[in-house]
Structures are given as structure tokens and as C-alpha cells.
Amino acid sequence: MANFSKSTVPQFSVEVYQNEYLPEGGREVNAIVTVTSTGGGTTGRRSLTGAPAAAALPGQGPNAAVVIMVDCSGSMDYPPTKMRNARDATSAAIDTLRDGVAFAVVAGTHVAKEVYPGNGALAVADSATRAEAKNALRKLSAGGGTAIGTWLGLTDRLLASADVSIRHGILLTDGRNEHETPEDLRAALEACAGRFTCDARGVGTDWVVKEVTGIASAMLGTADIVADPAGLAADFTEMMENAMGKEVADVALRLWTPVGVEIKFVKQVAPTVEELTERRTQANTRAGDYPTGSWGDESRDYHVCVQVPEAGVGQEMLAARVSLILPAADGTSQVLSQGLVRAVWTDDMVASTSINPQVAHYTGQAELAQVIQQGLEARKSGDFDGATAKLGRAVQLAADSGNADTAKLLSKVVDVVDAATGTVRLKAKVADADEMTLETRSTKTVRVKK
């Protein structure tokens, strides 16, 4: 692995927020781990593996490849402006590509077809190829079904042909994945997971939220709704700008625990709630890795909960060690940063019963995401009392945590009588777009108020 000075590589830091004090016999230890990457995404940098980064040195290609998947099923013609907006959005995304980034465009129906450049290849972005790609978008027309697993499979093959570390997909759909089984889509996601990240967008209101959010979750990307197709160009531009800002891929959160310590869960809690517990891969006898995907200049928070053996007052132990790991092609790995989670047993009731503000905040944010989803499900099934209770709790949690965006979305679904107590009434009529927006964005969180 090449060596670079600290000023030429992104720097990662790990901060641990917790109340380490437990009462005698206490066993559950909670910690919020804040991971911050700085110094990435700047022209002239090189990645931690020594390869050219997303913004390259003169004469070298960026270390990134992107494939845009555009839904071209028959429903994209209803209304016709939807297909036109999809073409315009793809064109805007192509304009956002940096020179030297490898890219391709795929048309998705019940099969996946290469639109540009074709022949199983990727183009290299420059003024000429961007113009050619935008001209090729004229070939995009609506017709056929929807089988998203085939789109992902073709994208995987295209991205695998590039000798880069940052591989990214952008996926747009407007309907249900009706022309393959859920098992087919699940198999495609399992085959592609860890090979590239993917942002997914649903346009209009005829798609299934759980399908789109499930794709983004499996591929460590973002999901959102673009209810009005006219908003696609701005959304695609933002997604591509974010993709161009990534510089380090395949970073893992490694959790080491001593003998006798049990991991209860590991989840990302900011900027969105993402369950990672079941995604663990064993690193060695006492440690496991949890995927975090690609990083640019950004900060994310993770909630780690472990169960330690019982102990008496005055004893203390290292409950877990959290490390940021960058794997290398030769099987070795580089530790980018690490933090410690501790447990100290005390008879000081004030110390042992105090809840760390970060832990309390994100516990509430995770509950907020859960009760929104439960409330909407209850509403769809006709359980209006259950829906009122769950969505009322959501209003209360959003108000307590200062999550104004979620509170605003909730107000489209319920009439808020008293936010502090969670007293609400279900609205008699709710627009599909408002309900789908709330469900799609339910996992978005806010940071702890300073």
C-alpha cells in the first residue's frame, strides 16, 4: 500500500458517546459512535489505497464509475411528460459527471438494455462522450414491463469492468416490480450487495415504497420519492453530485468484543436509521465487520448495544472496541481510527441511572421511524385506533427531538391536537404522495441538538 502524508488522504475520526456507569449487576451498555471523514472529494487527492480518487491528479482518471438505470416500462408514458422528465433528469446527471469518470446508461423494462455506450462497455466522461450520451437518450421510449433485478445485474456487470474502487448506481422506477418474483429481486440484491452502492428513486405514486427502500437499504444507498416528475432533474443532479464526492469505498465498522460480551445490535442512526446487525461478517474470533459503503466529506452516527457479564461495584471492563477498517486487495486491512466502549460498575445511583443525551436522542429517533411505519401499516389495514396511537406517538417524538421535517410530513396525514402529548386525529383524506413521502422518509433523522 502506498504511503501518503496526512494532508493528502481523507482522515477518519471516531468519537464514542456513552454513560459507562452501570449499577451492580447491570449488563446493558449503549454507545453512540460518531464517525467523521474529512479531506475527501478534493481535486488532486488520492484514495487510501493509493489509487486515483474521484477527483484525480492531472493526467489520471478518477477512481469512480457510475451507471444510471432509467425505468422505460409502459407506465412511464402515463403521462408522457414522465418519460420526457426522466430523459431530462438523466441528461442533467450526465452533465454533473466529472471528466474521467466511467459511466453508462441502462434502459430498464422486463429486460435491461444498454443505451450508452453499448457493447458491455463504459464510456469515459468528457465533453464529447457527455454529448454522445445525451444524444443517445433520445432512444429512450416507454414500453414493456418491470424486472428491476435484471437492471441491477447488467449494472453490476458494467461496473465490474472498471478498474475503480468507487462503483455507484442510480435507479429510477415508477411502478411495481411485476415481471419478476420477489425472490428474483432478493437474489439480485444479494448478488450485487457490497459490489456497488445504489441510490433509488420512485417517481409518481404507483410504485411500492418497501421495494424502493429495500433496494437502497441492501445497496447502502439512499431512497426517496419524487412525486412530481418535474423535480427529477434537480434530484438526479444532487444524487450525482453526492456520488462524485465519494472518495473512499468499502469502509467497514469493526466491532471487537471480549469473551462473555454479547452484541445485541448495531445500527446506523444518522443521517438515516439502517439496521446493520444481520450484515455482520466475521473478521476473526472476537471481531466482526459491518458494511458502511462509500465516504466523502461527511459524518454518520451508529448505535452499538452490547450485553456484558454481571460484575460488582468498583469493577470495570472494556466492553467493545470500535474500529474503522479499510480492506486491501491483498487481504490485509488498514485501521483508519478507533474508539472504546467501557463499562464501570458503581453504587452511585445518579451516575448509573443517567442516560447519555446522544443515546437517548437516537433511541427516540429509531422509535420514531418504527412507529411511523407501524402507524401507516395500521391505517392501510383499517386499524384506525392503532394508527392514531402510533402516529400520535410519532408526532410526540418528532416534537421532542426537534425533527421538524418529519413533523411537517406527519401533519399531512394527521391533524395535530397536542404535539407534546401526541394527541392527534387521522385525516379523513390523505393524498397518496403525502403518505408515500412520509413512509419513504420515515428513517431520516436529525442530529442531537447542541
Side-chain angles (χ1 to χ4, degrees), residues 6 9-39 48 248 250-270 274-277 279-292 295 298-327 332-348 350-363 365-366 447-448 450:
K6 289 185 177 181
V9 298
Q11 297 296 301
F12 282 82
S13 65
V14 171
E15 297 175 277
V16 176
Y17 300 92
Q18 67 162 134
N19 175 19
E20 65 266 39
Y21 294 105
L22 298 174
E24 185 174 11
R27 300 189 63 192
E28 186 171 287
V29 179
N30 288 275
I32 298 300
V33 179
T34 296
V35 178
T36 303
S37 168
T38 56
L48 289 170
V248 184
D250 302 325
V251 176
L253 190 75
R254 178 168 294 176
L255 190 61
W256 175 92
T257 50
V259 174
V261 173
E262 175 188 344
I263 297 169
K264 297 191 71 174
F265 63 78
V266 177
K267 64 178 72 172
Q268 178 183 289
V269 289
E274 193 66 63
E275 183 61 61
L276 300 176
T277 311
R279 301 190 190 187
R280 176 187 173 101
T281 56
Q282 205 65 20
N284 54 52
T285 306
R286 303 299 325 154
D289 290 349
Y290 301 86
T292 69
W295 288 74
E298 58 190 297
S299 182
R300 305 179 200 169
D301 293 331
Y302 299 87
H303 187 169
V304 173
C305 179
V306 299
Q307 185 170 282
V308 296
E310 290 187 17
V313 171
Q315 292 187 273
E316 59 181 85
M317 70 174 292
L318 176 62
R321 182 170 62 241
V322 183
S323 306
L324 265 290
I325 301 294
L326 182 68
T332 61
S333 57
Q334 179 183 357
V335 178
L336 305 176
S337 188
Q338 67 180 212
L340 305 178
V341 180
R342 300 173 64 239
V344 180
W345 284 266
T346 180
D347 56 6
D348 183 335
V350 174
S352 64
T353 57
S354 174
I355 301 176
N356 176 271
Q358 300 263 357
V359 172
H361 175 81
Y362 285 121
T363 299
Q365 292 289 284
R447 309 298 287 265
V448 177
K450 301 297 184 183

Enquirer: When rounded to the nearest 0.5 angstrom, what is the spacing between OG1 in Thr277 and CD1 in Ile263?
Expert: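 Nearest 0.5 Å value for the OG1-CD1 distance: 8.5 Å.
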Enquirer: Starting at CD1 of Ile325, measure out to OG1 of Thr332 and round the result to the nearest 0.5 Å.
Expert: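 Ile325 CD1 to Thr332 OG1: 10.5 Å, rounded to 0.5 Å.
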Enquirer: What pairs with Gln268 under side chain to side chain donor-acceptor pair (under 3.5 Å), at least two apart in sequence or on another chain?
Expert: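 So Gln268 forms a side chain to side chain donor-acceptor pair (under 3.5 Å) with Thr272.
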Enquirer: With sequence neighbours excluded, what pairs up with Ser13 under the side chain to side chain donor-acceptor pair (under 3.5 Å) test?
Expert: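 With sequence neighbours excluded, Ser13 shows a side chain to side chain donor-acceptor pair (under 3.5 Å) to no residue whatsoever.
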Enquirer: Between Asn30 and Val304, is the side-chain contact (heavy atoms from CB on, under 4.5 Å) condition met? List the steps.
Expert: CA-CA 6 Å; Asn30 288 275; Val304 173; over 6 Å; no
Enquirer: Taking all heavy atoms of Val14 and all of Ser337, pick out the closest pair and write down the distance.
Expert: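 Val14 and Ser337 have their closest heavy atoms at N-OG, 3.3 Å.
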Enquirer: Are more than 12 heavy atoms, taken from residues, nucleotides or ligands other than Ile355, located less than 6.0 Å from that residue's CD1 atom?
Expert: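 No, not enclosed.
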Enquirer: For Arg342, check side chain to side chain contact (heavy atoms under 4.5 Å, CB included) against everything at least two apart and list the hits.
Expert: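 Checked Arg342 against side chain to side chain contact (heavy atoms under 4.5 Å, CB included); matches are Gln18, Glu20, Glu316, Val344.
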Enquirer: Return the minimal non-hydrogen interatomic distance between Ser323 and Val335, and the atom names on each side.
Expert: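 The pair with the smallest heavy-atom distance is CB-CG1, 4.4 Å.
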Enquirer: Using every non-hydrogen atom in the two residues, find where Ala287 and Arg280 come nearest and quote the distance to one decimal.
Expert: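 Between these two residues, the closest heavy atoms are C-NH2, 3.3 Å.
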Enquirer: Apply salt bridge (Lys or Arg N to Asp or Glu O under 4.0 Å) to Arg300 and list each qualifying residue two or more places apart in sequence or on a separate chain.
Expert: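 Partners of Arg300 by the salt bridge (Lys or Arg N to Asp or Glu O under 4.0 Å) criterion, ordered by chain and then number, come out as Glu298.
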Enquirer: List the atom of Ala351, the atom of Asn19, and the distance in Å for their closest heavy-atom pair.
Expert: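 Here Ala351 and Asn19 meet closest at O-ND2, 2.8 Å.
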Enquirer: As a quick check of understanding, evaluate side-chain contact (heavy atoms from CB on, under 4.5 Å) for Thr292 and Tyr302, giving each step before the final call.
Expert: CA-CA 10 Å; Thr292 69; Tyr302 299 87; 3.5 Å; yes
Enquirer: For the pair Arg27 (side chain) and Val308 (backbone), establish whether a donor and an acceptor sit closer than 3.5 Å, ignoring hydrogens and angles.
Expert: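 Yes.
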Enquirer: Let me check something: any side-chain donor-acceptor pairs from residues 251-258 under 3.5 Å, sequence neighbours excluded? List them with distances.
Expert:
| from | atom 1 | to | atom 2 | distance (Å) |
| --- | --- | --- | --- | --- |
| Arg254 | NE | Asp289 | OD1 | 2.6 |
| Arg254 | NH2 | Asp289 | OD2 | 3.0 |

Enquirer: To the nearest 0.5 Å, how far apart are OG in Ser354 and CG in Asp348?
Expert: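 Reported value, rounded in 0.5 Å steps: 10.0 Å.
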Enquirer: Using the side chain to side chain contact (heavy atoms under 4.5 Å, CB included) criterion, which residues pair with Asp347? Sequence neighbours excluded.
Expert: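 For Asp347, the residues satisfying side chain to side chain contact (heavy atoms under 4.5 Å, CB included) (neighbours in sequence not counted) are Val313.
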Enquirer: Quick one: pull up OG1 in Thr38 and CZ in Phe12 and give me the separation to the nearest 0.5 Å.
Expert: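 It is 8.5 Å, given to the nearest 0.5 Å.
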Enquirer: With sequence neighbours excluded, give me every salt bridge (charged side-chain N to carboxylate O under 4.0 Å, His left out) pair touching residues 259-268.
Expert: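 Only Glu28-Lys264 qualify under salt bridge (charged side-chain N to carboxylate O under 4.0 Å, His left out).
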Enquirer: Looking only at heavy atoms, what is the nearest atom pair of Ser299 and Thr36, with distance?
Expert: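 Smallest heavy-atom distance, with atoms named: OG-OG1, 3.1 Å.
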Enquirer: Taking only residues two or more places apart in sequence, or in another chain, which ones meet Ser352 in a side chain to side chain donor-acceptor pair (under 3.5 Å)?
Expert: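 If we apply the side chain to side chain donor-acceptor pair (under 3.5 Å) test to Ser352, skipping adjacent residues, there are no hits.
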Enquirer: The test is side-chain contact (heavy atoms from CB on, under 4.5 Å); show your working for Leu336 and Gln334 and say whether it passes.
Expert: CA-CA 6 Å; Leu336 305 176; Gln334 179 183 357; 4.0 Å; yes
Enquirer: Search all heavy atoms of Asn356 against all heavy atoms of Gln358 and return the closest pair with its distance.
Expert: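 Closest approach of Asn356 to Gln358: OD1-N, 2.8 Å.
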Enquirer: Using side chain to side chain contact (heavy atoms under 4.5 Å, CB included) as the criterion, list what pairs up with Thr363, not counting sequence neighbours.
Expert: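 Result, side chain to side chain contact (heavy atoms under 4.5 Å, CB included) vs Thr363: His303, Val359.
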Enquirer: Please walk me through it: do Trp345 and Glu310 pass side-chain contact (heavy atoms from CB on, under 4.5 Å)?
Expert: CA-CA 9 Å; Trp345 284 266; Glu310 290 187 17; over 6 Å; no
Enquirer: Is a side-chain N or O of Ser333 found less than 3.5 angstrom from the main chain of Leu326, in a donor-acceptor match?
Expert: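 No; judged by distance alone, with no hydrogens or angles, the pair does not exist.
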Enquirer: Any side-chain heavy atom of Cys305 sitting closer than 4.5 Å to one from Val29?
Expert: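 Counting from C-beta outward, Cys305 and Val29 never come under 4.5 Å.
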Enquirer: The criterion is side chain to side chain donor-acceptor pair (under 3.5 Å); which residues satisfy it with Tyr21, sequence neighbours excluded?
Expert: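 Counting only residues at least two positions away or on another chain, Tyr21 forms no side chain to side chain donor-acceptor pair (under 3.5 Å).
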